[in-house]
Novice: 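Can you keep this structure in mind? I'll have questions shortly.
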Amino acid sequence: MKKLKYILSLALLLAFTACDKRNDNVVTPNVGDAFPQIIKLADEGDGELEDEDKFSFKIDLADRVDPSGESLEGKIIPLKKTVKVNFEVGDIKGFSKLSDYIKDAKAFYEIDDCTTSEDANISLNLVFDANTGKGSVDFPAGVEEIEVEFETNDALFDDDVLNTTDRSLEVKLTGLANAESDVTVNTANTFKYEVLDDEGIHGEYELDVNNAAEFNKFIALFGLINEDVKGLKASDVDEITIEFAYDEFKAVIKLKETEMVTECGETEEKNKEIEIEGGLEELGLKTLSGDVEFADDIEQEDGTEAEFKYSGSFEISGKELVLTLTGEYNDDEIEEITLTFSK
Amino acid sequence: MLFAQRPPALPTFVQINKKGILMTFKQLLIFFLLMCGSGMAMAQQGIIKGKITGQDNEQLAGATVLVNGTTNSTAADLNGNYQFYVAPGSRSLTVRYLGYRDTVINVTITAGQLTVLNVTMKSRQSALKDVVITGYTEGQAKALNQQKNADNIKNIIAADQIGKFPDPNAAEALQRVPGVTIERDQGEGRYVSVRGLAPQFTNTSVNGEQIPSPEADVRYVALDAIPSDQLASIEVTKALTPDMDGDAIGGSINLITRSAQSNIPAISGTLGGGYNNLMRKGNMQGQLQYGQRFGKNQKFGLLLNSNYYQNNLGSDGIERAINDNELELRDYELTRTRLGLSSSLDYRFNNHHEVYFRTLYSRFSDREWRRRYVFKPEDEEIEKLTKDRYESQSVLSLNAGAKHTFKSFLLDYEAQYSYAEQNTPYDNEAAFISGNASTLNYTDTRYPSISTDQDYTNNSQYQFDELGMGSTIAKDKNLTAKMNFTIPYKINSSNGIIKFGAKVRSKNKNYSINQNTYENLGGVPNLDQFVGSPVKNQFMGGRYQMGNPLDVSSLIRYFNANPSQFELQIADKAADEALESFKASEDVLATYLMGRQQIKKLMILGGVRYERTKVSYDSKDVVIAANGDLEAIRPISGSNVYDFVLPQLHFKYDLSKLTNLRAAITYSYARPNFSEIIPSQEINREDRVATIGNANLQPVKALNYDLMAEHYFGSVGIASAGLFYKKLDNFIYRRTVFNSPYPTTGTVIIPRIDITQSQNGNDADVMGAEIAFQRRLSFISFLKDFSLYLNYTYTHSKARIQSRNASETNANATEEIRLPGQASHVGNTLLAYEGRKFSARLSVNFNGSYLSELGGTKDEDIFIKNRVQLDATAGYAINRKFRLFVEALNLTNQPLQAYQGTPNQYIQREFYSYWLRMGLKFNL
């Protein structure tokens, strides 16, 4: 009888130990404070016209939960200790040697809107070898973002022909030196820099504001999304330019009216400007004619956002750009309007 | 006759104002003094106390002891113990118990003294040589004797019965009770509905005191967390008496744990294992119980009980979202464990005074892997997901109390600490997406066909979408103290009792959540780098392919090794954690006064209960800005106080010693779910919709009418029929106020927004009929070893809610619906064979279809289709101590099926196949 009791008790104990088997193959994730600070490339890419003499990329930190709870969307929590970030420039296209294009490099960060670390003689110990493409830069403690700027050979790609092949390079972060385990770096993402061809659609164009027909068409087209533009008369406007930049369309209406603007302690009189911007959803590249579409959201009076979209086609002939667009915004539509710009 | 002179008032059942409360208290005070006076007048009675057992020393719960020639009687409790006050002199007592011969005993009673009278009864069936008495019949007898002698309408299941059905948990054991339906999860019973009312209308107690719910947002207890092996019996009270908590409209479930009976060590247990056909995996179970009384006069009793059950189960399912034209394949794999530990210690100082301490700890764990494909033809996407979650629900109940028998009154009091917790230490789900177009065809509504441009099981096409990793913990703690006085009295030749008491309960509940969802910052590989092995040979009988599943643990290992490729969704984290977490406290004060009077064959029980509830909550508002950004998270608090006066009146008329007629008019209420009253708010200005809690929500009130006729068979059995009607007031429903200013009071921040909130306001009616029949077929010679068990309940309900077609112009339009959770038809059938050594049972449980969820329109209402489950058990008694058993469940592979709008428009079909358990039961 006693033996039986012991056997039964043992069997029951064994059964209870089976409770723990339920958590087989469980991996505890490193979340919360165990999730490290991540150094990453701030952008996926950028591009400048072929005669530009510099380009840059930025390195920043991934947002984290704001310990104070003030910023609900999170914010960058700067590092507590400086780390060295290694990077590499490579995957060059449209040229054979990196050193033919990149002449020099520097790194800095913004201290405020008017001052950089360079102005304050703070060195980020940038090291860059244009022959190998490898480099390193300090990401200092207490800083949210740093920028590495390359001085380029502005003549290398500056031609007068429409290029049909890519001219680009890529930057990757490759690792960290002297970093502790609570800081890591994203080495998977790349920053692609593209040389934009000013024989194609990219570049800046001007509308003849003295051409009443063209001016009125412009006002009708963009007055759809901007009440200030809608009410403009030709006599109010000094200049209208549009620009197809990297992934972005921008129209600037420079008014004759001026205002006093103070920047970094200096005050000067400047023309007032109205800007219209949109992200390029579609754009024909390496061609003199193609499709174009750009869109963005505009905040409404009640705080909601509504999308506008312009789509159509372009045709380049010499220094002249003919742009044919239709527009949509809220429930309103603008039928096809053709505008002519000159470079 | 006190009640004839002063019938208990049935005041209008409302939450009363202060003046109303004072007047009622005045009346109660007079009533109380009258009752005490009567009790004092009876101080010169003697007391008889004892235990009623059978020939094998089994306690005969529910046996009646009647003083011949009077109306003075009592019924034995669950352990066969009885006590009552008897006029002094030579008395003749008759002891009755279904299935046993009436026993007549002569005894001399001395005024003011206690006489101990233990009775051993002889089985009626021992005279029938060919009839075998088994544990099942004994259990049935215990249950029916208690049911027969109860003052109110209740159903009882004894432990021996529970053990004979293949029901591993309390919920599944309860499905055998007339009028009870259960909601299942993965084929196992979980929530219990009584008489067509959703689970929140039923309260759950352990040893007579409510236990908290481990779940965060509800009050009702998931009864699959309570192993049935821990229970001595289950009572389902369908008409409340004033000494019971008043917050039960459907019914009150009391789970009673076991206690020690004699000085002979009682060791019993079960060892077994089994097999799940769908998963092709085993299960295991074990139970060990030890009980003994110690000391010269067996003063100290100790019972220890433990059990463990591990079940490996799963399901194959299809789910359809009609409005979004989406289809899901769901492959579940689960490991569930149930651990139960209980103890009962009692010490009887003498025949007048005893103390006890009872504990129950139960722990239910559920490890779940859910592997899914979601086909989204409109988006030309297919999602592939796996969830890996572990959840444990623990309930701890500690009851300490005492019972005192004084010369002129009985006193019992108890303190209880109970704690419930639902802990989800990890809830991880990962999703990958493929840009693979698919076409869904519902020509066969049971098995829709899927065609895709590319092989959807090819994991290399799935790109990482998100990885969610969360943990939650919900805690609920009750501290309760109560006290009851019972005073006997006699008016002319009619005996009666006055009972009064009070209770206080303090509840603290809180819920916290930690959620981290990561998306791809760059570099996370496609799904083919994180695959596991299929867990089943085939899915849905081979109709669909599942391929190699996503292994979440493999992905989390990658996440830990490469955190720089993952981006935390910070605003989502803040909103999720703020919106769902809360703290709540609830204090309840209750007092009651009741009388029970036997007037010849008529028993009248009447009285009134008063309950005051004070609640307060702390939570947070989440405001989503018009541009979709998270705008603000603000702390918010709410509180409420409500009072109820609940008159109760019960009649029981003995047409014969085996036939009762019962009637009851009772008042009760049901508190709102926490999820409805927590004042948290989600204000989405982008979509112009808001969901806000309602801290001022009032409980649902009910007036209940019950009528029941029951005839018991002397050979153990019952035929009964009953009618019930419930009128619900302040029924809670979700109402949308279109274009409301927000907030609804004070300074307006948002001029126009659609606000959805749970509100009171509408009436509902529930009515029904239930019939039950159970008896051994010994009156048919060739079926003498067979028993039949039948019960059926019909329920009808209607409630008025805001019309789903309501809009700004007709916001007050209403429509009539059937109450969610109410099945029209519910029933059980059991055919049992009981031979000398071999026994077998075939049971069928029928759950009719019911409305599960109200949709935005009537066509979007979701119903659970009716379901018939066939289970079988068999046992072979090797000798008196050892018995082999085998149980088979869900033999016909009945699926869970949900449909939307019309019955053939399935939106969910889930199959579990059958599973088996077998083993050895012993009673040493």
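A note on names: the letters A, B, ... follow the listed sequences, proteins ahead of strands, and every chain is numbered from 1. None of these values were measured; they are calculated from a predicted model. Scope of the values below: all heavy atoms of this structure, side chains included, with no hydrogens, waters or symmetry mates.
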Novice: Atom CD of residue position A:E44 - does it have more than 12 heavy atoms of other residues, nucleotides or ligands inside 6.0 Å?
Specialist: no

Novice: Tell me which of these, B:G523, B:S553, B:A575, has more heavy-atom pairs under 4.5 Å with chain A than the rest.
Specialist: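 Ranked by heavy-atom pairs under 4.5 Å with chain A, first place is B:S553.
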
Novice: Which bit of B:Q285 comes within less than 4.5 Å of chain A, counting heavy atoms only: side chain, backbone, both or neither?
Specialist: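 B:Q285 has no heavy atom closer than 4.5 Å to chain A.
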
Novice: Is the backbone N or O of A:T28 less than 3.5 Å from a side-chain atom of B:N560, with the two atoms forming a donor-acceptor pair by type?
Specialist: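 The answer is yes, because a donor-acceptor pair under 3.5 Å joins these two groups.
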
Novice: Heavy-atom distance under 4.5 Å between the side chains of A:E73 and B:I570, does that happen here?
Specialist: no

Novice: Tell me, side chain or backbone of B:E567 under 4.5 Å from chain A's heavy atoms, or both, or neither?
Specialist: neither

Novice: Given heavy-atom pairs under 4.5 angstrom as the criterion, report whether the side chain, backbone, both or neither of A:S71 touches chain B.
Specialist: neither

Novice: Evaluate whether atom CD of B:Q463 has more than 12 neighbouring non-hydrogen atoms of other residues, nucleotides or ligands under 6.0 angstrom away.
Specialist: no

Novice: I need the single residue from B:L555, B:L467, B:I556, B:N516 that forms a side chain to side chain contact (heavy atoms under 4.5 Å, CB included) with A:P29. Which is it?
Specialist: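 Running side chain to side chain contact (heavy atoms under 4.5 Å, CB included) over B:L555, B:L467, B:I556, B:N516 with A:P29 returns exactly one hit, B:I556.
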
Novice: Just wondering, more than 12 heavy atoms not from A:D33 lying within 6.0 Å of its CG?
Specialist: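 Counting other residues, nucleotides and ligands, CG of A:D33 stays at 12 neighbours or fewer.
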
Novice: Could you go step by step and tell me if B:D551 and A:N25 meet the side chain to side chain contact (heavy atoms under 4.5 Å, CB included) rule?
Specialist: CA-CA 10 Å; B:D551 180 355; A:N25 194 29; 4.2 Å; yes

Novice: Can you name the residues that form a salt bridge (charged side-chain N to carboxylate O under 4.0 Å, His left out) with B:E682, not counting sequence neighbours?
Specialist: none

Novice: So do A:I38 and B:S564 actually touch side chain to side chain, heavy atoms under 4.5 Å?
Specialist: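 Yes, side chains in contact.
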
Novice: Taking atom CG of A:L72 and atom CD of B:E631, what is their separation to the nearest 0.5 Å?
Specialist: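 If I round to the nearest 0.5 Å, the distance is 9.5 Å.
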
Novice: Are any side-chain N or O atoms of B:D388 and backbone N or O atoms of A:V26, one a donor and one an acceptor, separated by less than 3.5 Å?
Specialist: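 Here the side-chain-to-backbone pair does not exist.
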
Novice: Checking B:F559 now: which residues fulfil ring-ring contact (aromatic ring centres under 6.0 Å, His included) with it, not counting sequence neighbours?
Specialist: A:F35, B:Y518, B:F566

Novice: Show the numbers, then the answer: is there a side chain to side chain contact (heavy atoms under 4.5 Å, CB included) between B:L568 and A:R64?
Specialist: CA-CA 8 Å; B:L568 178 63; A:R64 292 177 74 82; over 6 Å; no

Novice: Tell me the closest heavy-atom pair linking B:P563 and A:P36, and the distance in Å.
Specialist: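 Closest pair (atom of B:P563, atom of A:P36, distance): CG-CG, 3.5 Å.
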
Novice: Can you confirm whether A:K58 is buried at NZ, in the sense that more than 12 heavy atoms of other residues, nucleotides or ligands lie under 6.0 Å from that atom?
Specialist: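 No, because the 6.0 Å sphere around NZ of A:K58 holds 12 heavy atoms or fewer from other groups.
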
Novice: More than 12 heavy atoms of other residues, nucleotides or ligands under 6.0 Å from CD of A:E70: yes or no?
Specialist: no

Novice: Heavy-atom count around B:K387 NZ within 6.0 Å, excluding the residue itself: above 12?
Specialist: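 More than 12 heavy atoms, drawn from other residues, nucleotides or ligands, come within 6.0 Å of this atom.
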
Novice: Is A:V65 in contact with chain B via its backbone, its side chain, both, or neither, using a 4.5 Å heavy-atom distance?
Specialist: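 Looking at A:V65, backbone and side chain both touch chain B.
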
